[in-house]
Amino acid sequence: MAYLLPSEFATKMVDAGESKIYMSTRDTLIRAFMAGAILALAAVFAITIAVQTGVFLIGAILFPVGFCMLYLMGFDLLTGVFVLTPLAWLAKRPGVTWPQILRNWGLVFLGNFAGALSVAFMMSFVFTMGYNIDGGAIAAKVAGIGEARTLGYAEHGVAGWFSIFIRGMLCNWMVSLGVVGAMISTHVSGKVLAMWMPIMLFFFMGFEHSVVNMFLFPFGLIMGGEFSVMDYFIWNEIPTALGNLVGGLAFTGLTIYSTHVRTAPKRVIATGASNKTVLAAKVNDKV
């Protein structure tokens, strides 16, 4: 499994962010739609496993299969573009402006939501045989999740809102490490392993992912969850998306960029005997 140094994959992060800014509207929407749909399928897959086995850990271990598939196919999640596109602006890549970045975020959000919503309707149809029978244990589980992660937060007011915001931060810290981790190897096996670890961690810990929630909550509403669309947006999707933005950019994007792309000047060490100075050795050369 060929390994790239941080200074090498950090440059790839900037290149990836720039390429997403220049992508056509059509391609951006298609790739975002497919990413949302595949991640939604992975979510219902993991929940099905957890319900049938009674062991949530097994669902968490297998959930990353969806993330690996969508990444290897070159599809885009909102959580990923939150991290990569601002780096192209920081690197002063030609034509990359904040209006262009916001345009990309908006298109990816719409595409992810459309893909996740499509799967929500398809799976609800499948589970209920065309809405003719009860959705069963899996549908009840998702409806319960929807209620707990909207009204449950609302009960605590501002503290609940910020709790879900922080869960969103922690989520995209891990998810963005999965995105970046896939860049450290040139082999599929290496990419999959690097993606698998942080994605499994976020899912098992119950952190909040804006795109996964684009499936869970509409599906939960269709399956009879006792919460409203406004409950979903105000007490989940909005604070989750904002937390995803802040966490992924602050903990992954900016930290890697600042220390592996725009590195600080080399230290100068004074020698006691000769009073001369020598440059300290550096592990990674400045890109």
Check your understanding: Is the CZ atom of Phe121 crowded by more than 12 outside heavy atoms at less than 6.0 Å?
Key ->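 Not buried by this count: 12 neighbours or fewer within 6.0 Å.
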Review point. Does a sphere of radius 6.0 Å around NZ in Lys12 hold more than 12 heavy atoms from other residues, nucleotides or ligands, not counting ones at 6.0 Å or beyond?
Key: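 For Lys12, atom NZ is crowded (more than 12 foreign heavy atoms under 6.0 Å).
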Point to revise | Identified side chain to side chain contact (heavy atoms under 4.5 Å, CB included) counterpart of Met174 within the set Thr79, Leu201, Thr252, Ile199 | key: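 Only match with Met174 under side chain to side chain contact (heavy atoms under 4.5 Å, CB included): Leu201.
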Check your understanding: Out of Val212, Val179, Val192, Ile38, which one pairs with Phe67 under the side chain to side chain contact (heavy atoms under 4.5 Å, CB included) rule?
Key ->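 Result: among Val212, Val179, Val192, Ile38, Val179 is the only option passing the side chain to side chain contact (heavy atoms under 4.5 Å, CB included) with Phe67.
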Whether the [X] and [Y] side chains hold a donor-acceptor pair (N or O, under 3.5 Å, no angle test) is what I'd like checked.
{"X": "Thr25", "Y": "Arg103", "value": "yes"}
{"X": "Thr97", "Y": "Trp89", "value": "no"}
{"X": "Ser163", "Y": "Tyr153", "value": "no"}
{"X": "Ser210", "Y": "Asn213", "value": "no"}
{"X": "Thr150", "Y": "Asn236", "value": "no"}

Tell me if a side-chain donor or acceptor on [X] pairs with a main-chain N or O of [Y] at a distance below 3.5 Å.
{"X": "Asn104", "Y": "Ile21", "result": "no"}
{"X": "Asn112", "Y": "Val211", "result": "no"}
{"X": "His156", "Y": "Ala159", "result": "no"}
{"X": "Trp235", "Y": "Arg149", "result": "no"}
{"X": "Thr259", "Y": "Thr255", "result": "no"}
{"X": "Trp196", "Y": "Leu62", "result": "no"}

Take the angle between the ring planes of [X] and [Y] and call it parallel below 30°, perpendicular above 60°, tilted in between.
{"X": "Phe113", "Y": "Phe233", "answer": "parallel"}
{"X": "Phe217", "Y": "Tyr232", "answer": "parallel"}
{"X": "Phe162", "Y": "Phe165", "answer": "perpendicular"}

Point to revise | Joint cluster assignment, Val14 & Met23, ILVMFWY side-chain distance < 4.5 Å | key: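 In one cluster with Val14: Met23, no.
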Review point. Same cluster for Met200 and Met197 if Ile/Leu/Val/Met/Phe/Trp/Tyr side chains link at under 4.5 Å?
Key: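 No, because Met200 and Met197 fall into different hydrophobic clusters, even though each may have its own neighbours under 4.5 Å.
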**Study point:** Nearest-0.5 Å distance that lies between atom CG in Leu254 and atom CZ in Arg262
**Key:**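 If I round to the nearest 0.5 Å, the distance is 11.0 Å.
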Point to revise | Leu245 side, atom CG; Asn172 side, atom CG - distance, nearest 0.5 Å | key: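 Going from CG on Leu245 over to CG on Asn172, the span is 8.5 Å.
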Exercise for review: Go through the steps to decide whether Ile47 and Lys141 satisfy the test side-chain contact (heavy atoms from CB on, under 4.5 Å), and finish with yes or no.
Suggested key: CA-CA 8 Å; Ile47 293 170; Lys141 178 67 174 179; 4.2 Å; yes
Check your understanding: Should Ile269 and Arg267 count as side-chain neighbours, where that means a heavy-atom distance under 4.5 Å?
Key ->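 A side-chain contact exists here, since the closest heavy-atom pair is under 4.5 Å.
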Exercise for review: Taking the side chain as every heavy atom from C-beta outward, state whether His209 and Val175 have any pair of such atoms under 4.5 Å apart.
Suggested key: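 Yes, close enough: below the 4.5 Å cut-off.
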Practice item. Please report the shortest heavy-atom distance between Ala16 and Leu84, naming the atom on each side. Key: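 That would be CB-CD1, 4.1 Å.
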Point to revise | Set of residues satisfying salt bridge (charged side-chain N to carboxylate O under 4.0 Å, His left out) with respect to Arg167, sequence neighbours excluded | key: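 Arg167 satisfies salt bridge (charged side-chain N to carboxylate O under 4.0 Å, His left out) with no other residue.
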**Study point:** Those residues that, when tested against Phe251, pass side-chain contact (heavy atoms from CB on, under 4.5 Å) (two or more places apart)
**Key:**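 With sequence neighbours excluded, Phe251 shows a side-chain contact (heavy atoms from CB on, under 4.5 Å) to Met169, Trp173, given in chain and number order.
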Review point. How far apart are the C-alpha atoms of Phe63 and Phe45, what are their side-chain angles, what is the distance that settles it, and do they pass the ring pair (Phe, Tyr, Trp, His ring centres under 6.0 Å) test?
Key: CA-CA 7 Å; Phe63 170 74; Phe45 167 64; 8.9 Å; no
Review point. What pairs meet the side-chain hydrogen bond (donor to acceptor under 3.5 Å, both in side chains) rule with one or both residues in residues 35-61, with sequence neighbours excluded?
Key: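 As it turns out, there is no side-chain hydrogen bond (donor to acceptor under 3.5 Å, both in side chains) pair with a partner in residues 35-61 once direct neighbours are skipped.
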